[in-house]
A.B. asks: 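The following block contains the structure, expressed as structure tokens.
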Amino acid sequence: MLFNSPEFIFAFLPITLILFYFLSRFKASYAILGLIFCSLVFYGWWNPKYLLLIILSILFNYGIYLLMGRSNGFPRKWLLIAGITLNLAALAYFKYAYFIVDNINALTTLNISLGEIILPLAISFFTFQQITFLVDTYQDKTTKHDFSRYCLFVLFFPQLIAGPIVHHKEMIPQFSKQTLPKNISENFNAGITLFAIGLFKKVMLADNLALIADPAFSMAELNQQLSFFDAWFGAIAYSFQLYFDFSGYSEMALGIAIMFGIRLPLNFFSPYKSKSIIEFWQRWHMTLSRFLKDYLYIPLGGNRNGAMKRYRNLLLTMLLGGIWHGAGWTFLIWGALHGFFLVVNHRWRAFSEHKQHNLLIRFTVLLSPLITFLCVVLAWVVFRAESINGASQMLSAMLQLDSIATSEAYLRKIVQLPLLDLFQPGIGSSKSLILYAILILSASIIFLLPNTVELMQKEHPALDKAGFLGKENSNMRIQWHATPAWQLIIAVLLSATLLSSAGVSPFLYFQF
């Protein structure tokens with residue numbers, strides 16, 4: 001079930017909220033059970049048969065947790081190894097089996113064939129989530145948790161499908177409250193505001209930006225001629241599309257959770273305003289970055305054994321982070337690119353640390369936001385492409401400076417706006433003008449305006465362990481308050497979005 005679908009907005013969410021608060025009047029544990037049931041309905045809506053998979057995963061991991069808590073049970077280390085191995089085996093089968101077999105067949109004379117394997121929704125998220133729980137249990141970082149709270153920790157539907165990758169220390173204590181959430185009306189006002197803004201970003205911005213990005217990448221996959229400008233428009237449009245798609249989902253998830261009196265961890269914070277790739281990964285998919293750092297990079301050795309091993313660990317971490325997103329060489333290359341960017345970034349910091357008064361260093365610092373954004377866009381091309389050939393075609397068109405037309409022809413191109421034949425001859429340029437306007441509006445929102453979480457920081461919309469919503473944002477002139485004016489703006493925004501929606505499209509991170 002999609003957050004932007006009519007059945008979710010007009011049926012599932014209202015019914016779940018009513019049921020939750022009705023049951024909360026009797027006993028908190030009843031409300032927890034009701035929320036677990038509704039989350040199972042939410043997950044099973046897409047394909048009911050995969051309910052068995054997620055239920056078995058929960059039972060298995062909770063069983064390992066219980067066994068590790070017994071002093072006279074199996075050796076804890078072997079229980080942890082068994083738990084991690086079987087979790088990763090299930091993930092490998094459903095997500096990577098085709099990729100592994102295809103590459104084995106390509107490298108050998110074998111012709112291994114697999115039956116149909118459908119990738120279960122959210123398997124990457126709930127697998128990583130439970131692995132962290134097992135690792136922390138082994139390290140004695142967990143306390144006693146009953147089964148219902150653990151189930152909700154895994155199944156809580158606002159974060160189930162596409163994150164954030166929540167941590168047990170953040171979520172289970174919130175589920176353990178014995179009273180009805182306070183400030184119900186305030187929570188609902190803040191929640192519906194976040195939900196409406198996120199829905200607007202998804203439907204009005206991300207889905208329309210796809211009309212620019214998709215034709216460009218399709219042409220690249222078909223080896224069709226792409227001009228320098230069309231390739232860049234396509235790449236930037238996709239970068240903005242992914243931004244608003246993920247930002248929209250993250251805000252909708254925060255908003256839905258707040259309606260139940262729950263705060264999810266901050267997962268997205270204006271990443272395109274970053275001044276370095278290091279900072280980008282502190283702002284983009286923040287909970288994935290946290291997982292990779294705490295459960296992969298640091299166990300590999302982190303930065304404890306010298307610069308070279310630190311860079312090796314960075315590369316390995318980003319390679320695995322890339323393949324986590326999908327079973328394909330393009331994801332692996334994307335991870336390698338970001339690993340390389342991070343190594344260069346760290347080397348540059350070490351080089352420039354004692355040369356802050358150098359003019360070249362100062363000039364580079366001024367250009368660092370632009371350099372960072374361009375690196376991210378180039379990497380997104382590989383991420384979005386369906387094949388290495390498609391990625392190379394797009395990058396070739398983007399980097400062939402000799403394909404730029406004369407200034408007169410370029411000006412004519414801008415005036416005529418014939419972007420990738422997105423409108424039929426005779427209709428006029430209004431549709432293309434609208435798409436260009438959306439591209440400009442998107443850039444303005446991304447680079448010039450505060451993000452939604454900043455606007456609503458006084459409502460504490462998310463768990464902010466990184467400290468992004470600190471004192472430096474407290475003097476912002478624009479702040480959201482539950483006033484009639486703001487409520488009217490949100491009502492108009494939500495109504496316009498719902499009325500303009502031509503169809504329901506999945507969120508991009510549902511694929512990962």
Side-chain angles (χ1 to χ4, degrees), residues 1-46 48 51 54-55 58-59 62 121-122 126 129 145-162 164 166 168 170-199 249-265 456 459-463 482 484 486-487 490-491 494-495 498:
M1 195 181 301
L2 299 171
F3 289 170
N4 52 329
S5 64
E7 58 265 28
F8 178 86
I9 296 171
F10 298 112
F12 178 83
L13 182 58
I15 291 171
T16 304
L17 281 167
I18 292 169
L19 179 64
F20 174 76
Y21 282 106
F22 173 76
L23 293 174
S24 295
R25 296 180 63 184
F26 299 97
K27 200 173 181 181
S29 59
Y30 295 167
I32 294 294
L33 293 175
L35 205 46
I36 290 171
F37 172 78
C38 291
S39 295
L40 287 169
V41 172
F42 175 83
Y43 186 80
W45 190 267
W46 168 71
L51 278 172
I54 197 168
I55 290 170
I58 290 170
L59 291 172
Y62 192 75
L121 286 177
F126 68 71
Q129 204 166 305
H145 299 301
D146 65 55
F147 183 61
S148 62
R149 265 71 177 183
Y150 178 80
C151 284
L152 192 57
F153 157 65
V154 178
L155 290 169
F156 188 46
F157 73 90
Q159 53 82 28
L160 174 60
I161 303 298
V166 296
H168 59 91
E170 298 168 333
M171 303 307 296
I172 295 182
Q174 296 190 71
F175 300 145
S176 299
K177 296 176 181 176
Q178 299 299 316
T179 58
L180 184 75
K182 299 179 180 178
N183 305 320
I184 296 174
S185 61
E186 289 88 342
N187 283 341
F188 185 79
N189 281 329
I192 198 66
T193 299
L194 280 162
F195 184 86
I197 295 173
L199 184 65
Y249 175 88
S250 299
E251 287 162 14
M252 293 168 81
L254 288 176
I256 296 165
I258 287 174
M259 293 181 200
F260 294 93
I262 301 296
R263 262 56 179 181
L264 294 176
M456 301 187 66
E459 300 297 319
H460 306 288
L463 301 175
W486 270 108
Q487 290 171 339
I490 296 304
L494 184 59
S495 301
L498 292 173

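Small disclaimer: the values here were computed from a predicted structure and weren't measured.
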A.B. asks: Drop me the distance from Asn4's CG to Leu498's CG, to the nearest 0.5 angstrom.
C.D. replies: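 Output value for this atom pair is 10.0 Å.
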A.B. asks: List the steps, then state whether ring pair (Phe, Tyr, Trp, His ring centres under 6.0 Å) holds for Phe175 with Phe153.
C.D. replies: CA-CA 8 Å; Phe175 300 145; Phe153 157 65; 7.9 Å; no
A.B. asks: Do side-chain atoms of Thr16 reach the backbone of Cys38 as a donor and acceptor pair under 3.5 angstrom?
C.D. replies: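 A pair under 3.5 Å: no.
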A.B. asks: With a 4.5 Å limit on heavy-atom distance, are the side chains of Trp486 and Thr193 in contact?
C.D. replies: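 Contact flag for Trp486/Thr193 side chains = no.
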A.B. asks: What distance separates Arg263 CZ from Leu254 CG, expressed to the nearest 0.5 Å?
C.D. replies: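 Between atom CZ of Arg263 and atom CG of Leu254 there are 9.5 Å.
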A.B. asks: Working to the nearest 0.5 Å, report the span between CG of Leu23 and CD1 of Ile18.
C.D. replies: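 These two atoms lie 11.5 Å from each other.
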A.B. asks: Would Leu264 and Glu170 count as a side chain to side chain contact (heavy atoms under 4.5 Å, CB included) if you check the C-alpha gap in whole Å, the side-chain angles of each, and the deciding distance to 0.1 Å?
C.D. replies: CA-CA 8 Å; Leu264 294 176; Glu170 298 168 333; over 6 Å; no
A.B. asks: From Leu35 CG over to Leu40 CG, what is the distance, rounded to the nearest 0.5 angstrom?
C.D. replies: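 Nearest 0.5 Å value for the CG-CG distance: 10.0 Å.
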A.B. asks: Please list, chain by chain and in numerical order, all residues satisfying ring pair (Phe, Tyr, Trp, His ring centres under 6.0 Å) with Tyr43, sequence neighbours excluded.
C.D. replies: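 Checked Tyr43 against ring pair (Phe, Tyr, Trp, His ring centres under 6.0 Å); zero matches.
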A.B. asks: Can you sort out the partners of Phe12 under ring pair (Phe, Tyr, Trp, His ring centres under 6.0 Å), two or more places apart, ordered by chain and number?
C.D. replies: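 If we apply the ring pair (Phe, Tyr, Trp, His ring centres under 6.0 Å) test to Phe12, skipping adjacent residues, the hits are Phe8, Phe42, Phe157.
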A.B. asks: Report the residue from Ile262, Val166, Ile256 that forms a side chain to side chain contact (heavy atoms under 4.5 Å, CB included) with Gln159.
C.D. replies: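 The side chain to side chain contact (heavy atoms under 4.5 Å, CB included) with Gln159 is passed solely by Val166 among Ile262, Val166, Ile256.
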A.B. asks: Start with the C-alpha gap between Ile258 and Met456, add the side-chain angles, then the distance that decides, and say whether side chain to side chain contact (heavy atoms under 4.5 Å, CB included) holds.
C.D. replies: CA-CA 12 Å; Ile258 287 174; Met456 301 187 66; over 6 Å; no
A.B. asks: Who pairs with Glu459 by salt bridge (Lys or Arg N to Asp or Glu O under 4.0 Å), at least two apart in sequence or on another chain?
C.D. replies: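 In terms of salt bridge (Lys or Arg N to Asp or Glu O under 4.0 Å), with neighbours along the sequence ignored, Glu459 is linked to no residue.
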A.B. asks: When rounded to the nearest 0.5 angstrom, what distance separates NE2 in His145 from CG in Leu152?
C.D. replies: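 His145 atom NE2 to Leu152 atom CG measures 13.0 Å (nearest 0.5 Å).
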A.B. asks: Checking Phe126 against Leu155 for the side chain to side chain contact (heavy atoms under 4.5 Å, CB included) test, could you report, in this order, the C-alpha distance in whole Å, the side-chain angles of both residues, the deciding distance, and whether it holds?
C.D. replies: CA-CA 8 Å; Phe126 68 71; Leu155 290 169; over 6 Å; no
A.B. asks: Under the side chain to side chain contact (heavy atoms under 4.5 Å, CB included) rule, what do Leu121 and Leu160 come out as? Steps first, then yes or no, please.
C.D. replies: CA-CA 9 Å; Leu121 286 177; Leu160 174 60; over 6 Å; no
A.B. asks: Looking at every non-hydrogen atom in both residues, tell me the closest pair between Phe188 and Leu17 and how far apart they are.
C.D. replies: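 What the structure gives for the nearest pair is CE1-CD1, 4.4 Å.
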A.B. asks: Are Glu7 and Trp45 close enough that some pair of their side-chain heavy atoms sits under 4.5 Å apart?
C.D. replies: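 Yes, at least one pair of side-chain atoms sits under 4.5 Å.
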A.B. asks: Taking all non-hydrogen atoms of both residues into account, name the closest pair between Leu2 and Ser5 and its distance.
C.D. replies: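 Looking at all heavy atoms of both residues, the closest pair is O-OG, 2.6 Å.
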A.B. asks: Ignoring hydrogens, what is the shortest heavy-atom contact between Ala253 and Pro158? Give both atom names and the distance.
C.D. replies: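 Residues Ala253 and Pro158, closest heavy atoms: CB-O, 3.3 Å.
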